Structure formats: structure tokens, C-alpha cells
Enquirer: 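Structure in C-alpha cells, see below.
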Amino acid sequence: MKKIQAIRGMYDLLPEQTVLWQYVEAAAMEVLQSYGYREIRFPVLEQTELFKRSIGEVTDIVEKEMYTFEDRNGDSLTLRPEGTACCVRACEEHGLLYNQTQRLWYMGPMFRHERPQKGRQRQFHQIGVEAFGMEGPDIDAEVILLTARLWRALGLDAAVTLQLNSLGSNAARAAYKDALVDYLQSCRDQLDEDSQRRLESNPLRILDSKNEKTQALLADAPCLLDHLDDESKQHFERLQELLNESSVAFEVNPKLVRGLDYYNRTVFEWVTDKLGAQGTVCAGGRYDGLVEQLGGRATPAVGFGLGMERLVLLLEELGLVPDALEQNVDIYIVAVGDTAVNRALQVSEVLRDEMPHWRLQMHCGGGSFKSQMKKADKSTATLALILGEDELANNVVSVKFLREDKPQQQIAIADLVGVLQTAV
RNA sequence: GUGAACGUAGCUUAAUUGGUAAAGCGCUUGAUUGUGGAUCAAGCAGACAUGGGUUCGAAUCCCAUCGUUCACCCCA
């Protein structure tokens, strides 16, 4: 019979991997909590219309990457390709943005039908952060500082760099788009094929083309930063001042643009050169018009998405996985014979009552002393507690040190908790 | 969606001009009647990704499908 395998581009995370994920998630949660951000959860399925209206009808994501299907009612549903639109929808639906600010985060799978490669999968996981109701550059600085703190917590600060840009107001960006198209039309036949296509669909994306000839042409192209409206210019300058004051290094990249239509003003990306072609670990920016665009009251907002797979990959690539993650058991309990098993189960339950943070693994499935000891060694435990006939007869447990050169001890069951507390 | 490389045991890999599948790691057992790690011995383990074709004969050559990887594209 043909074996059923996972969907292309969607991967299982095995126990060896999940410990690293848990470590990253815990670090992120700690940082987010320290800034007073609260978690929000929303469904992975939404009405297709939500993404069409927010991401933009002519973006690649909406045109050819969404998992869209009809449900049994005939409604068009889509597996979320990103979280911001869902978050706005949920907040609006429950009045979270009415005359108040919100600092929120979420975590979970996103879906895009792309060709898989390193750092890119069809089901991938993001941590998303969104801050609503604050229009000043101080909140932009806060979310950037928050990410910088996470890199420090994970030891990644030397591996990632911050790129910063401002897209200006929608009007300013539209004016710039016209100027850029005018310029590029004049040398249209020198552009690469992809960029010629983008001239109609999404001209700003030509700015970050990887084609060298195209990049050479762009050297004389009009610059986005020269077309900023005054307010956006002030906002951007103030943000840079705040980051400088906080000693966050950044590089202004006037060619940094976003693939989703809803961004305006501040955009930023944390990038690395350690992950091949998919070097963006975290990216975001302002989207002051999105809430209104989705039918709510005009609400300024800023946020970012962080690619979990890329972050985990980066930690592995740099050898920053803590050794302690390999250990999943502290104490392994060896019991030979039915009576010993009875006693061992009771003893291990008492130990768990007394010391809930100890990780105890009871040997199950029988076997000789030798094979049980082998399992104890493999288990990563530092101690083995041994219960056999001799121990039962004397009401003791043998304690063997598996990772240090210390003599085995016999300890009365009644004294076990106290003795182990000092031994572990 | 485009291009290239690749798919052999749980994992990593070998197999000469096409001649009917090896090894290491891991796992099990034993050497040691109640004691792990090192060593030694034995054992378990494979429709050689799937389906077709060429051939007396295919892991090897050809085609298709599926999958993996990297890059383009896209983006977190």
C-alpha cells in the first residue's frame, strides 16, 4: 500500500526540534511580556475577502499563493497567509480598538503555496506583534527595541542587522511611484524580464531586484526618501533619533520596500547573510490605513512578523543551541520484578509530589538490570534510582550517579526526598 | 510558476563497463546469574521513491509521476 506522506512544503517537527522551538518561544514570550504585550489568538481560516482587501488584489500572495477553497456552504475561505489582517479583523470584531490602544502578539502557522526552499515552506510559523492606536515614532522605536532585545536574549545580535526605510504617506508614495515608472520607462528595454513585468504590477519592488544590471540602472533613479511628505520625514527623523539614543544600530536602505500593500511610513527588516536567499528573519512596519480600509475607524498601527523556521535555522547555523536542551530526564528509575515495580511507581509519584520540577522517567517494559541500566544511560538522566529484591528487603533505594564518578549509595525510602534535594 | 542537482536499511553513505545489494552509526542479544558508558561477537533491519520502457539481465540507461535540495521568483 502506498504510504501517505506529509503535504509538500509542510514539515513535521520531531522531539529533537521541538525543544529548540520551545526555547525560542519561551524567550520571545518573556521579552513580549516585559513590554506589556498580551497574546491574542484567532482562527487559521478566514474569509478570502479579508486578505484580498488588506494584502492587495495584485500582490503575488493573493494572486497565486493563497490556499483558497469553497467550504460546504459555498463560501470562499482562505488559510491565512499572514497574521496582521486577521488580527485587525479580530480586534475590530470585538471592539478592541475603540478609543484605546492595544499591544498584542500572536504565534502560529501561516500558509503560502510557494516552491519550498531553505527558509521557505508552505506551512510556516510566525510570531506576530501589532501595536494599535499610537501614531508617533516612539511606538515604532519600541517594537524595534523589543526585537533587538530578543536577539540579545538568543545571542543573535551579532548575526542580524537592521535595515530601515520610510515609504511616506500613501499620496507621497503614489507620487514617487509615478516618478519611478517615468524614469524606468525611459530605459525599459534594459530591464530584466521580471522587472519589466513589475513595471505594471508593482513598480516599487523593482527597487530590491537582485539583478545586477537592473540595480545599476537604479543608481540614477529618483529616490524614495526625496519624495517623502513633511510629516513622514519628521516621523522618520525622530525614529532614527530615538534608535540612536537607544544605541540600536541601523542602516537606512532607501530601496527597502514591502510586498504587502498596506504598509506606509516606517518599514524595517532584520536580515542575516547566514541563511542563503531567504535572509529576512523579521520584518514589519507601519500600516496606518489598514484598519479603516477594513471598515473600522481610522487607527494608526505598527507591527512585524518574525519567521520561526528562519530563526531556528539561524540558531542551528551559528551553533547557538544551548546544550541543556539535550537533556530531558533528570532521574531514571530502574525496577526489576513485579513487587519492585509496584514500589517504584509509588516512590516516583511521591517524588513528583515533593519536587515537581524534577523530570523523572520510570522504566517500563521490564527487562534485565543490564538492559534497564543501558536505558538509564541513554535517557540523559544524571541519576538512576534502583529498586530490586535487595532494596525491597531493606526498604532502601540505590542511588547511582550516571555522569560523575561517585560511589553508589543506598538510601532509606523515607529519607529519599531530603537526600536527593542535596544530591541533584 | 521557471531552472539545476538528487532520491539505496531508522540515520549517514558505498556498489567498477548494466550481472540481481554493502558498511558505519543506531537498535536487540551475549561475553559479565543485580548495574550503564569502552571493547569484542552475533542478530534484526531493504518491494534500491513510485509507475512504465529498453535489455537475456536494471539500484545503474530512457520516460513519467511524487518527493528532497539549492537558486530564480516571492517573502517571514
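Every chain is numbered from 1 and lettered A, B, ... according to where its sequence line falls, protein lines coming before strand lines. What you see below is based on every heavy atom in this structure, not just the backbone, and it leaves out hydrogens, waters and symmetry mates. Here the structure is a predicted model, which is why all the values come from computation and not from measurement.
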Enquirer: In a table with atom names and distances, give each donor-acceptor pair under 3.5 Å that connects a side chain of residues 6-22 of chain A to protein atoms at least two apart or in another chain.
Expert:
unit_1  : atom_1 : unit_2   : atom_2 : d
A/Gln17 : NE2    : A/Glu316 : OE2    : 3.0
A/Thr18 : OG1    : A/Pro15  : O      : 3.1

Enquirer: Verify the contact: side-chain N or O of A/Arg120 to OP1 or OP2 of B/A76, cut-off strictly under 4.0 Å; return yes or no.
Expert: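 Checking B/A76 against A/Arg120, no side-chain N or O comes under 4.0 Å of OP1 or OP2.
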
Enquirer: Near RNA chain B, counting only heavy atoms under 4.0 Å, which residues of residues 199-214 of chain A show up?
Expert: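 By residue number: A/Arg205, A/Lys210.
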
Enquirer: I'd like the C1' distance from B/U32 over to B/C40, given in whole Å.
Expert: 13 Å

Enquirer: Is the shortest side-chain heavy-atom distance between A/Thr84 and A/Tyr106 below 4.5 Å?
Expert: yes

Enquirer: What contact category does A/Gly279 fall into here, base, sugar-phosphate, or nothing, at under 4.0 angstrom with non-hydrogen atoms?
Expert: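 The residue A/Gly279 makes no contact with any strand.
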
Enquirer: Would you mind reading off the distance between A/Lys118 atom NZ and B/C73 atom P, rounded to a whole angstrom?
Expert: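 Computing the A/Lys118:NZ to B/C73:P distance gives 18 Å.
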
Enquirer: Starting at CG of A/Leu275 and ending at P of B/C75, how long is that distance when rounded to a whole Å?
Expert: 18 Å

Enquirer: Whole Å only: how far is the OH atom of A/Tyr11 from the C1' atom of B/U68?
Expert: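 After rounding, the reported distance stands at 7 Å.
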
Enquirer: If the threshold is 4.0 Å, N to carboxylate O, is there a salt bridge linking A/Glu269 and A/Arg258?
Expert: yes

Enquirer: Examine B/A76: is either OP1 or OP2 under 4.0 Å from a nitrogen or oxygen in the side chain of A/Gln126? Give yes or no.
Expert: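 No, A/Gln126 has no side-chain N/O under 4.0 Å of OP1/OP2 on B/A76.
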
Enquirer: What's A/Glu269 touching, base or sugar-phosphate or nothing? Going by heavy atoms closer than 4.0 Å.
Expert: nothing

Enquirer: Within the 4.5 Å heavy-atom criterion, are A/Leu385 and A/Val399 side-chain neighbours or not?
Expert: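 They are in contact (side-chain heavy atoms under 4.5 Å apart), so the answer is yes.
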
Enquirer: Considering only heavy atoms from C-beta outward, does the side chain of A/Ile144 approach that of A/Trp270 to under 4.5 Å?
Expert: yes

Enquirer: Name the nucleic acid region contacted by A/Ala283, choosing base, sugar-phosphate or nothing; use a 4.0 angstrom heavy-atom cut-off, strictly under.
Expert: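 A/Ala283: backbone/sugar contact only, no base atoms under 4.0 Å.
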
Enquirer: Can you measure A/Asp261 atom CG to B/C75 atom C1' for me and round it to whole angstrom units?
Expert: 14 Å

Enquirer: Do the non-hydrogen side-chain atoms of A/Glu142 and A/Met134 ever get within less than 4.5 Å of each other?
Expert: no

Enquirer: Sticking with atom P, work out how far B/G51 lies from B/U60, rounded to a whole angstrom.
Expert: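 So the two P atoms sit 13 Å from each other.
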
Enquirer: Measuring only the P atom in each nucleotide, how far is B/U17 from B/U13? A whole number of Å is fine.
Expert: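 It comes out at 22 Å once rounded to the nearest Å.
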
Enquirer: Are A/Asp140 and A/Arg286 close enough for a salt bridge, meaning some N to O gap below 4.0 Å?
Expert: yes

Enquirer: Is there side-chain contact between A/Leu225 and A/Leu228, with at least one heavy-atom pair below 4.5 Å?
Expert: yes

Enquirer: Could you check A/Glu130 against A/Tyr287 for side chain to side chain donor-acceptor pair (under 3.5 Å), going step by step and ending with a plain yes or no?
Expert: CA-CA 10 Å; A/Glu130 320 287 354; A/Tyr287 49 96; 2.5 Å; yes

Enquirer: Go through the N and O atoms of the side chain of A/Arg310 and the base of B/C75, and report whether any donor-acceptor pair is under 3.5 Å.
Expert: yes

Enquirer: B/U50 and B/C66: how far apart are their P atoms, nearest whole angstrom?
Expert: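 Approximately 16 Å lies between the P atom of B/U50 and that of B/C66.
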
Enquirer: By the definition side-chain hydrogen bond (donor to acceptor under 3.5 Å, both in side chains), identify the one residue from A/Gln126, A/His125, A/Gln123 that meets it with A/Glu309.
Expert: A/His125

Enquirer: Could you check how far CD of A/Glu63 sits from C1' of B/C73, rounded to whole Å?
Expert: 13 Å

Enquirer: Decide salt bridge (charged side-chain N to carboxylate O under 4.0 Å, His left out) for A/Glu200 and A/Arg188; before the verdict, give the C-alpha distance in whole Å, the side-chain angles of both, and the deciding distance to 0.1 Å.
Expert: CA-CA 12 Å; A/Glu200 271 83 47; A/Arg188 187 192 172 101; 3.5 Å; yes

Enquirer: Do A/Cys91 and A/Leu104 have side chains that get closer than 4.5 Å, going by heavy atoms?
Expert: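 Heavy-atom side-chain distance check passes, below 4.5 Å.
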
Enquirer: Under 4.0 Å, counting only non-hydrogen atoms across every strand here, what does A/Glu82 touch: a base, just sugar-phosphate, or nothing?
Expert: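 Touches nothing.
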
Enquirer: Just checking A/Glu193: base, sugar-phosphate only, or nothing, at a heavy-atom cut-off of under 4.0 Å?
Expert: nothing

Enquirer: Let me know the distance between NZ of A/Lys64 and C1' of B/C74, rounded to the nearest Å.
Expert: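 Taking atom C1' of B/C74 as the reference, NZ of A/Lys64 is at 8 Å.
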
Enquirer: Using Watson-Crick and G-U wobble pairs with both distances under 3.5 Å, what is the 5'-to-3' dot-bracket string of RNA chain B, with [ ] for crossing pairs and | for pairs outside the strand?
Expert: (((((((..((((.....[..)))).(((((.......))))).....(((((..]....))))))))))))....

Enquirer: Taking the P atom in each of B/G7 and B/A14, what is the distance between them to the nearest angstrom?
Expert: 9 Å

Enquirer: Please state how far atom CZ in A/Phe51 lies from atom P in B/A76, giving the value in whole angstrom units.
Expert: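 It is 14 Å, rounded to the nearest whole Å.
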
Enquirer: If you count the non-hydrogen atoms of other residues, nucleotides and ligands that lie under 6.0 Å from NZ in A/Lys255, is the total more than 12?
Expert: yes

Enquirer: Looking only at atom P, what distance separates B/G18 and B/G57, rounded to whole Å?
Expert: 16 Å

Enquirer: Classify the nucleic acid contact of A/Gly284 as base, sugar-phosphate or nothing, counting any heavy atom under 4.0 Å across all strands shown.
Expert: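 No contact at all - A/Gly284 keeps every heavy atom at 4.0 Å or more from the nucleic acid.
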
Enquirer: If we take the P atom in both B/C44 and B/A49, what is their distance in whole Å?
Expert: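 To the nearest whole Å, 23 Å.
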
Enquirer: Could you tell me whether the side chain of A/Arg120 and the main chain of A/Arg115 form a donor-acceptor pair under 3.5 Å?
Expert: yes

Enquirer: Which comes earlier along RNA chain B counting from the 5' end, the contact point of A/Ile7 or that of A/Phe124, where each point is its nearest nucleotide?
Expert: A/Ile7

Enquirer: For nucleotides 35-43 of chain B, just jot down a letter per nucleotide in 5' to 3' order: B, S or -, based on protein non-hydrogen atoms under 4.0 Å.
Expert: BBB------

Enquirer: When you match A/Thr280 and A/Ala277 each to their closest nucleotide on RNA chain B, which lands nearer the 5' end?
Expert: A/Ala277

Enquirer: Which value, in whole Å, describes the distance between the C1' atoms of nucleotides B/A59 and B/G1?
Expert: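 Here B/A59 and B/G1 have their C1' atoms 33 Å from each other.
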
Enquirer: Over all strands shown, is A/Val281 touching base, sugar-phosphate only, or nothing at heavy-atom distances under 4.0 angstrom?
Expert: sugar-phosphate

Enquirer: Using heavy atoms and a sub-4.0 Å distance, could you list which residues of residues 105-115 of chain A are near RNA chain B? By number, please.
Expert: A/Arg112, A/Glu114, A/Arg115

Enquirer: Between A/Ile4 (CD1) and B/A49 (P), how many Å, whole number?
Expert: 21 Å

Enquirer: Output yes when A/Arg403 and A/Asp377 qualify as a salt bridge under the 4.0 Å nitrogen-oxygen rule, no when they do not.
Expert: yes

Enquirer: Can you pull the ring pair (Phe, Tyr, Trp, His ring centres under 6.0 Å) pairs that have at least one residue in residues 175-213 of chain A, sequence neighbours excluded?
Expert: A/Tyr176-A/His227

